[in-house]
Amino acid sequence: MTATTMGRARQAAQVTLLVVLVLVTAVLPLLLTGEQSGGRTLDPADTSLNGSGALARLLEAHGVEVVRVETPGAAVAAAGPQTLLLVTEASFLNRDAARRIAEAPGDRLVAGAVPHLDVLAPGVRRQGPVRARSRAPQCALREAVRAGDAYTGGTSFTGPPGATGCYPADDGHALVRYTADGHTVTVLGDASFMTNLRLAEDGNAALALNLAGARPKLVWLAEPDDPDEAGDPGAGADGQARSLGDLIPGGVRWAVLQLIVAVTLAALWRGRRLGPVVIERLPVVVRAAETVEGRGRLYRSRRARDRAALALRAAATDRLAPRLGLPRTATAEEVAVAAAVRTGHDPEPVLALLCGPPPGDDTALVTLAAHLDTLERQVRDS
Amino acid sequence: MALTGRAGLLAALAAIVVLLAPEPGLVVLAAALVLVVLVAADLLLAGAVRGLRFQRDGERRVRLGQSAAIGLVVDNPGPRRIRGVLRDAWQPSAGAAARRMTLDVPARERRRLVTTLTPTRRGDREAVAVTVRSVGPLGLAARQRTFHVPWTVRVLPPFLSRRHLPARLARLRELDGRHPALVRGQGTEFDSLREYVVGDDVRSIDWRASARRSDVVVRTWRPERDRRVLIVLDTGRTSAGRVGEAPVPGSGPSGWPRLDWSMDAALLLAALAARAGDRVDFLAYDRAVRAQVSGASRTELLSSLVDAMAPIEAELVEADAGGMVAAVLSRARRRCLVVLLTDLNATAMEEGLLPVLPSLSSRHMVVVASVADPRVAGMAAGRGTAESVYDAAAAERLRGERREITAVLRRHGVEVVDALPEDVAPALADAYLALKATGRL
């Protein structure tokens, strides 16, 4: 008895654990992704707080042509000597794409936590993370000085020799500009000053306009609609597919392998039978009434009212005959006459009931059965 | 060998370590190695199942509807304790209770486990296998082995109609020698002479005996005894049909075979006839003799009858009435009461029994007992809708055929008992008592 109660308690605990686990796995991703709801970050076509629609409009108002591209291939194709290529943290880049962008003509503006910085801006090194806040330029860069205080930070950099650094943070600068091979490359630690949310603060708008509007044409590499197409196999000759596998950390694959091992072991555990399957020769199960039910259904499907009425009348006659003191061999007419005499009815309807023509429809058959019952009851009670 | 859930759990936990570790590939390899080593160690340290010895004890016979406890002694001669589970596998309809039992036998000791059987149908139920799974000390892996430990439990017919026996025995005593009759009637035989007491009928005085002794002596009479009753059970296809509601739980929703109801009636009749001093023989026949009991003593009759009945199943063949009559005639040389338990199936009877019936009924008193189907009676009472009236017509047609065949049988001098499943045993017993009272045996 205690063993079973213990077993039940254990089972209940297991079920509870399972339910909690399912709930946690279901709710956790929702909590984690809940903060990033709405809008595509730093997208010139997006007007939400995270987007940069306002900056794009301002640039166009100042006569700068803004070309929004989603793939590195398109960005390289749109770039020319008189263009500025804007790469933000929202741009999807793998190493090859970064290399191709680095080889594209024109200037580059790299804003935010962009991967492969060593390719995009060789010589610029990350110093460390710093808090993003409003900072003073404290440098000789004209764009920054004219803009004044701006919301910068994120990462501090040190540039290569000859580079200009603005908005000092910790040991480095939040903005570094240098010129190499005829390209002017500007690196910013944080890109949020270009979003619709922050554009109106301090000198953010001025800084953004000064940096992004430096050339007549701005190629803006935005976040693609569908991340799977980021590799733009159609645009580049050497399609740089960035599959799901590139996004998964290396440890996950091994963990999945280990999980497969675990599931296999569990399958072996559940699959091992405790002894053989026991077989037994069982007797056939036939309900004795099956033939009668089958005959009833056959009568019904063929509308065999004549046979049905015959059977019902014969049964009633057989039951009535001994009650009326008649021998078993008495004909239906004799029984009908005797029944009419006993009950005091006219002989005609009783004769029609017991040996009349077969009923014309199902309703008549049901009525016939009911009348036969009534006659039997009357004879019994008389 | 068998693994446990712990092995899988351990591997799943290792997956978390793999996810967090800097060198996941190495961790996977290490986890696999550790697991293999642990499982191997567990298998080595688990109690050996190969040398286990088993012994069974308990009941060999059980009535259907009752439970039997079968003991299984597990003897562990090995040097290590055996912990784990044991499955004592029986055929499904044996209704073995504990599907798997926990087993804990210390080294060089023995333990007794009990399996409770609650069979759901008649017949011989066999123990199929005993499987032992001995789990290692870590609970990761187990040694497993299946043994054959034979035991058979014969499930006997329940003889539910024995509750009708006291009333029938009381009726029998009224007829019987315990109330010796002074009037000679039909079906009575001479019992004894005794002294005249005031009130006795003077017509029963035996003057010759009175002359020999110096006292007035009367004759007493009693119902005839030492008649032979041969119960013939038809095990052909018509006896397989299920009727009524099974009185034993677990037999399924479609009722009990006619065969089982017939056995119940046969047992009541046999018990009654044995008490009445008649000799009872039994024969089960479809196309060959399936079982028979003959010449059993009064005390052993019921036990040998249920033993003979227990393994009989309805065969799905048309019964051979000619062969059955021949078998009866070869067994019953003197005039006796032949009770034929079969179905009043018009077509089967007309082709089978009726042509050969005269050879039987001319030499013996024949009673045909049949189990009617309450479902047919229910269908015959159906009214109101066209469907139920059509069903009622079909049912009435069957009942008409049964009435007809009953009339034909009665014309052959055969007694017919046609009753619902619960009533067929007492009805047959009453028919027997009526025959006995009127001396027609």
Side-chain angles (χ1 to χ4, degrees), chain A residues 3 249-259 261-270 272-276 278-280 282-300 304-305 307-312 314-316 318 328 362-363 365-366 368-370 373, chain B residues 2-5 7-8 11-12 14-15 18-21 24-25 27-28 31-32 85 87 89-93 100 121 128-129 131 133 144 146 240-243 252 254-255 257-258 313-314 316 373 375-376 379 383-387 389-400 403 407:
Chain A
V252 173
R253 293 184 191 200
W254 290 105
V256 168
L257 183 71
Q258 183 63 32
L259 276 179
V261 171
V263 168
T264 312
L265 289 180
L268 287 175
W269 161 49
R270 298 308 301 177
R272 183 76 162 106
R273 193 182 285 284
L274 191 57
V278 182
I279 54 164
E280 182 180 8
L282 288 171
V284 66
V285 176
V286 194
R287 290 199 301 129
E290 263 175 15
T291 51
V292 183
E293 285 164 5
R295 194 197 291 266
R297 278 196 292 272
L298 209 60
Y299 280 171
R300 208 182 311 161
R305 283 180 289 274
R307 289 177 182 277
L310 203 66
L312 289 172
D318 277 5
R328 190 168 282 280
D362 282 357
T363 324
L365 182 68
V366 174
L368 175 80
D373 281 357
Chain B
L3 291 173
T4 67
V18 169
L19 198 61
L20 302 174
V27 177
V28 168
V85 285
R87 173 182 169 219
W90 290 73
Q91 290 176 336
S93 67
R100 42 172 69 196
R121 65 185 184 95
V128 178
T131 306
R133 184 176 281 185
Q144 182 173 323
T146 299
R242 302 202 169 210
V243 292
S254 47
R258 276 211 169 89
E313 293 293 348
L316 294 186
D373 194 343
R375 169 114 184 91
V376 172
M379 281 168 71
R383 293 290 186 271
T385 63
E387 281 74 24
V389 172
Y390 278 122
D391 278 351
E396 287 292 12
R397 186 176 159 140
L398 179 87
R399 297 213 294 186
R403 272 198 302 274

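Chain letters run A, B, ... following the sequence lines, proteins first and then strands; every chain starts at 1. Values below: all heavy atoms of this structure, side chains included; hydrogens, waters and symmetry mates excluded. None of the values given here were measured: they were computed from a predicted structure.
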_Let's test your reading of the structure: which of R100(B), E396(B), R258(B) forms the most heavy-atom pairs below 4.5 Å with chain A?_
E396(B)

*Among the options G25(B), P257(B), G255(B), A89(B), pick out the one with the most heavy-atom pairs lying under 4.5 Å from chain A.*
G25(B)

*Non-hydrogen atoms of chain A under 4.5 Å away: do they reach the side chain of A395(B), the backbone, both or neither?*
both

*Measuring heavy-atom distances to chain B, does E293(A) have an atom under 4.5 Å in its side chain, in its backbone, in both, or in neither?*
both

*Largest heavy-atom contact set with chain A, pairs under 4.5 Å, which of G5(B), A392(B), A31(B), A240(B)*: G5(B)

_Value rounded to 0.5 Å, distance of CD in Q258(A) from CG in L19(B)_ = 11.0 Å

*asked:* If you count heavy-atom pairs within less than 4.5 Å of chain B, which of R270(A), E290(A), R287(A) leads?
replied: R287(A)

_Closest non-hydrogen atom pair between S254(B) and V285(A), with its separation_ = OG-CG1, 3.2 Å

*Closest heavy-atom contact between V376(B) and A289(A)?*
CG2-CB, 4.4 Å

_I want to check something: taking the side chain as every heavy atom from C-beta on, are P24(B) and V252(A) in contact at a cut-off of under 4.5 Å?_
no

_Give me the atom names and distance for the closest heavy-atom approach of G296(A) to A394(B)._
N-CB, 3.5 Å

*Which heavy-atom pair separates G275(A) from T131(B) by the least distance, and what is that distance?*
CA-OG1, 3.0 Å

*Are the side chain of Q144(B) and the backbone N or O of R273(A) linked by a donor-acceptor pair below 3.5 Å?*
yes

*Can you name the residues that form a salt bridge (charged side-chain N to carboxylate O under 4.0 Å, His left out) with D391(B), not counting sequence neighbours?*
R300(A)

_Using a 4.5 angstrom heavy-atom cutoff, name the option from A316(A), A288(A), A266(A) with the most pairs to chain B._
A288(A)

*Quick one: list whatever passes side chain to side chain contact (heavy atoms under 4.5 Å, CB included) with E280(A), sequence neighbours left out.*
L282(A), Q91(B), P92(B), S93(B), R121(B), R125(B)

*Please look at R383(B) and chain A and tell me whether the side chain, the backbone, both or neither of the residue comes under 4.5 angstrom of a heavy atom of that chain.*
side chain

_Out of the candidates R295(A), R297(A), R305(A), only one should pair with Y390(B) under the side-chain contact (heavy atoms from CB on, under 4.5 Å) rule; please name it._
R305(A)

*Engaged part of A267(A) at the chain B interface, taking heavy atoms whose separation is under 4.5 Å*: neither

_Contacting region of L316(B) [heavy-atom separation from chain A under 4.5 Å]_ = side chain

*asked:* Any heavy-atom pair between the side chains of R272(A) and L3(B) that's under 4.5 Å?
replied: no

*V18(B) side chain reached by L259(A) side chain, heavy atoms, under 4.5 Å*: no

*Between D373(B), L20(B), T146(B), which residue shows the highest count of heavy-atom pairs closer than 4.5 Å to chain A?*
D373(B)

*Tell me, side chain or backbone of A129(B) under 4.5 Å from chain A's heavy atoms, or both, or neither?*
side chain

*What's the spacing between T4(B) OG1 and L265(A) CG if we round to 0.5 Å?*
9.5 Å

*So which of A32(B), G384(B), G400(B) has the biggest tally of heavy-atom pairs under 4.5 Å with chain A?*
G384(B)

*Note, R242(B) side chain near P283(A) side chain (heavy atom, < 4.5 Å)*: yes

*Minimum-distance pair of heavy atoms, taken over all atoms of A15(B) and A255(A)*: O-CB, 3.7 Å

*Which atoms form the tightest heavy-atom contact between A315(A) and R403(B), and what is the distance?*
CA-NH2, 3.6 Å

*For L274(A), is it the side chain, the backbone, both, or neither that has a heavy atom closer than 4.5 Å to a heavy atom of chain B?*
both

*Measure distances from V128(B) to the heavy atoms of chain A and classify the residue's part below 4.5 Å as side chain, backbone, both or neither.*
side chain

*Going through the distances and angles, do V389(B) and L312(A) end up as a side-chain contact (heavy atoms from CB on, under 4.5 Å)?*
CA-CA 9 Å; V389(B) 172; L312(A) 289 172; 3.8 Å; yes

